[in-house]
Amino acid sequence: MTRKIAFIFPGQGSQYVGMGKDLYDNYKSAKSVFETADSVLNKSISTICFEGAQEDLKQTVNTQPAIVTMSIAAMEALKSQIDIKPDFVAGHSLGEYCAMYTAGVMSLENTLKAIQKRADLMGAIKGGSMAAVLNASDEQLKAGLAEGSKVGYVDVANYNSPMQVVITGDENAVKAASDYMLANGVRRVVPLDVSGAFHSKFMENAGLEFASFVSNIELNDASIPVITNVDAEPTTNSGDFREKMPRQISSSVYWTQTIQKMISEGVEIFIEIGPGKVLAGLNKKIAPEAVVYNVYDKLSLETTVSALKELIVNV
């Protein structure tokens, strides 16, 4: 393979009832991942993914392990159909755990245990809100945050693309920032249906508790560089992951910068693995020249494998 490839994994909000079912039905490797998750987590992740209910799936304590299980199942199904090793991996927020698994940082069992612990800690913290800010200039965003800060705490949760930033913090501060931006030329600000202010200082205590958990989990050096959310830098050292995993819970997700970093390293092909096409949409805004494929069901997997063979494999 001569063209550089990255695997990218989606985060919370990409889930849907039925995700992973035909991968489970058609690929032994995918089925094995779901069976392991059901056993390790002592609850039926497969039922939550395949049958819902939607209300169960959208609860953070279920959403995070469900998306990670489905995404890893899709990745293993892909690898069962084509001999492929990415040059880089990355994941959006919880998707980073799929990236770390792919790079060999954690075993499947430890990946599942870690994401469930993370979900439990994050899901227990209530209060605060989030909003997506669309098509704001840097100046408009900065002014909005300054205005919101007069009321309370507000910060950037996600740098999703040059066209989309998510803000997070005190409910009143987020609203004040949103209202100010709407009154000053920003056309759209969308409140998000979330249980709390993720990727904010509201999550610092969860991060501290998670650090204690992470200190006792087996981590390996990565066999593939993971571009980490907290700094958009390639990470391979196990000690660095141990430090970054708790910090990621309360820090901004530098997704735009993550994709830009991989482009600067020569990545031409991105494969989004997991439910939906959220990251593919963001990629079009960040790096329109890059090729993006998706793997989320049997048909998309077959389409991606066929395209990859034509592009990069001599067969």
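It should be emphasised that the depicted structure is a prediction, and the values quoted were computed from it without experimental measurement.
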E51 and K21: CA distance, side-chain angles, deciding distance, side-chain contact (heavy atoms from CB on, under 4.5 Å) verdict: CA-CA 9 Å; E51 301 172 20; K21 180 67 166 70; over 6 Å; no

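- Looking at D22, its side chain does come within 3.5 Å of a backbone N or O of K298 through a donor-acceptor pair.
- Rounded to the nearest 0.5 Å, atoms CD1 (I224) and CG (D87) are 8.5 Å apart.
- For the atom pair OG (S44) and CG (N62), the distance works out to 10.5 Å, reported to the nearest 0.5 Å.
- Counting heavy atoms from C-beta on, the side chains of P191 and S129 never come closer than 4.5 Å.
- Using modelled atom types, no side-chain atom of S39 and backbone atom of E35 make a donor-acceptor pair closer than 3.5 Å.
- Under the 4.5 Å side-chain contact rule for hydrophobic residues, M19 and V278 do not share a cluster.
- Side-chain heavy-atom separations under 4.5 angstrom define the hydrophobic clusters, and the remaining members of the one that includes V186 are V133, L141, L145, V154, V156, Y159, V165, I167, V174, M181, L182, V189, Y254.
- Within the 3.5 Å criterion, the main-chain N or O of E233 finds a donor-acceptor partner in the side chain of T228.
- Contact check for L57 versus V17: side-chain heavy atoms found under the 4.5 Å cut-off.
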Check against side-chain contact (heavy atoms from CB on, under 4.5 Å), I67 and M70: CA-CA 5 Å; I67 291 173; M70 187 276 184; 5.9 Å; no

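- Within the 4.5 Å cutoff, the side chain of I45 has heavy atoms near those of the L41 side chain.
- Within 6.0 Å of NZ in K175 there are 12 or fewer heavy atoms belonging to other residues, nucleotides or ligands.
- Between G207 and P246, the shortest heavy-atom distance links the atoms O-CB, 3.3 Å.
- Here the shortest heavy-atom pairing between G128 and A197 reads CA-CB, 4.0 Å.
- Under the 3.5 Å distance criterion, the side-chain polar atoms of N229 are left unmatched by any main-chain donor or acceptor of Q248.
- A donor-acceptor pair is defined here as one N or O able to donate and one able to accept, closer than 3.5 Å; such a pair exists between the side chain of N184 and the backbone of Y180.
- The shortest side-chain heavy-atom distance between P225 and K261 does not fall under the 4.5 Å cut-off.
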Full working for side chain to side chain donor-acceptor pair (under 3.5 Å) between S93 and R118: CA-CA 11 Å; S93 192; R118 180 184 187 271; 3.2 Å; yes

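- Rounding to the nearest 0.5 angstrom, the gap separating the CG atom in D155 from the OG atom in S149 is 8.0 Å.
- More than 12 heavy atoms of other shown residues, nucleotides or ligands fall within 6.0 angstrom of atom CD in E289.
- Defined by atom type and a distance below 3.5 Å, a donor-acceptor pair is present between the side-chain atoms of Q116 and D120.
- Side-chain contact check for Y296 versus K277: some heavy-atom pair is nearer than 4.5 Å.
- A salt bridge is defined here as a Lys NZ or Arg NE, NH1 or NH2 lying under 4.0 Å from an Asp or Glu carboxylate O, and R3 with E268 meets this definition.
- For the atom pair OG1 of T256 and CE of M163, the computed distance is 10.0 Å after rounding to the nearest 0.5 Å.
- Figure legend: K117 and F210 shown without cation-pi pairing, the cationic atom not lying both under 6.0 angstrom from the six-membered ring centre and within 45 degrees of its axis.
- Distance alone, capped at 3.5 Å, is enough to place a donor-acceptor pair between the T102 side chain and the C98 backbone.
- When atom types are taken as modelled, the side chain of S250 and the backbone of H199 share no donor-acceptor pair closer than 3.5 angstrom.
- The closest side-chain donor-acceptor pair between K58 and T63, if any, does not fall under 3.5 angstrom.
- When ring centroids are compared, Y97 and F9 stay outside the 6.0 Å threshold.
- No donor-acceptor distance shorter than 3.5 angstrom exists from the side chain of K28 to the backbone of D25, with no hydrogens or angles considered.
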Stepwise side-chain contact (heavy atoms from CB on, under 4.5 Å) check, S161 with W255: CA-CA 7 Å; S161 81; W255 189 251; over 6 Å; no

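- Side-chain contact between M106 and M245 is present, with heavy atoms from C-beta onward closer than 4.5 Å.
- S46 and D38 form a side-chain donor-acceptor contact under 3.5 Å, judged by distance and modelled atom types alone.
- Centroid-to-centroid, the aromatic rings of Y293 and F270 stay 6.0 Å apart or farther.
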Working for side-chain contact (heavy atoms from CB on, under 4.5 Å), residues L279 and H92: CA-CA 8 Å; L279 299 183; H92 190 288; 4.0 Å; yes

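- When the side chains of ILVMFWY residues are joined at heavy-atom separations under 4.5 Å, either directly or via intervening members, I271 and M100 end up in a single hydrophobic cluster.
- Cluster membership for I5 and I8, using ILVMFWY side-chain heavy atoms within less than 4.5 angstrom, is not shared.
- Shortest non-hydrogen contact noted between Q64 and M122 is NE2-SD, 3.6 Å.
- In K43, the NZ atom is crowded: over 12 heavy atoms of neighbouring residues, nucleotides or ligands sit closer than 6.0 Å.
- Heavy atoms only, all atoms of each residue included: G266 and K4 are closest at O-CB, 3.4 Å.
- In this structure the side chain of F198 never reaches within 4.5 angstrom of the side chain of T168, judged on heavy atoms.
- Criterion: ILVMFWY side-chain heavy atoms under 4.5 Å apart, direct or through other members. Under it, M75 and L301 are part of a common hydrophobic cluster.
- Side chain of N283 to backbone of P288: no donor-acceptor contact under 3.5 angstrom is found.
- To the nearest 0.5 angstrom, L78 atom CG is 9.5 Å from E76 atom CD.
- A donor-acceptor distance shorter than 3.5 angstrom exists from the side chain of Y153 to the backbone of K201, with no hydrogens or angles considered.
- In this structure, F88 has no ring-ring contact (aromatic ring centres under 6.0 Å, His included) partners at least two apart in sequence or on a different chain.
- With rounding to the nearest 0.5 Å, the separation of CD in Q164 from CD1 in I286 is 9.5 Å.
- By the rule that hydrophobic residues join a cluster once side-chain heavy atoms approach within less than 4.5 Å of another member, L94 and F7 end up as members of one cluster.
- Contact of the T303 side chain with the S300 side chain is not registered, since no non-hydrogen atoms from C-beta on lie closer than 4.5 Å.
- Considering every non-hydrogen atom in both Y27 and S80, the closest pair reads CD2-OG, 4.2 Å.
- Across all their heavy atoms, Q140 and G185 have their closest contact at NE2-C, 3.6 Å.
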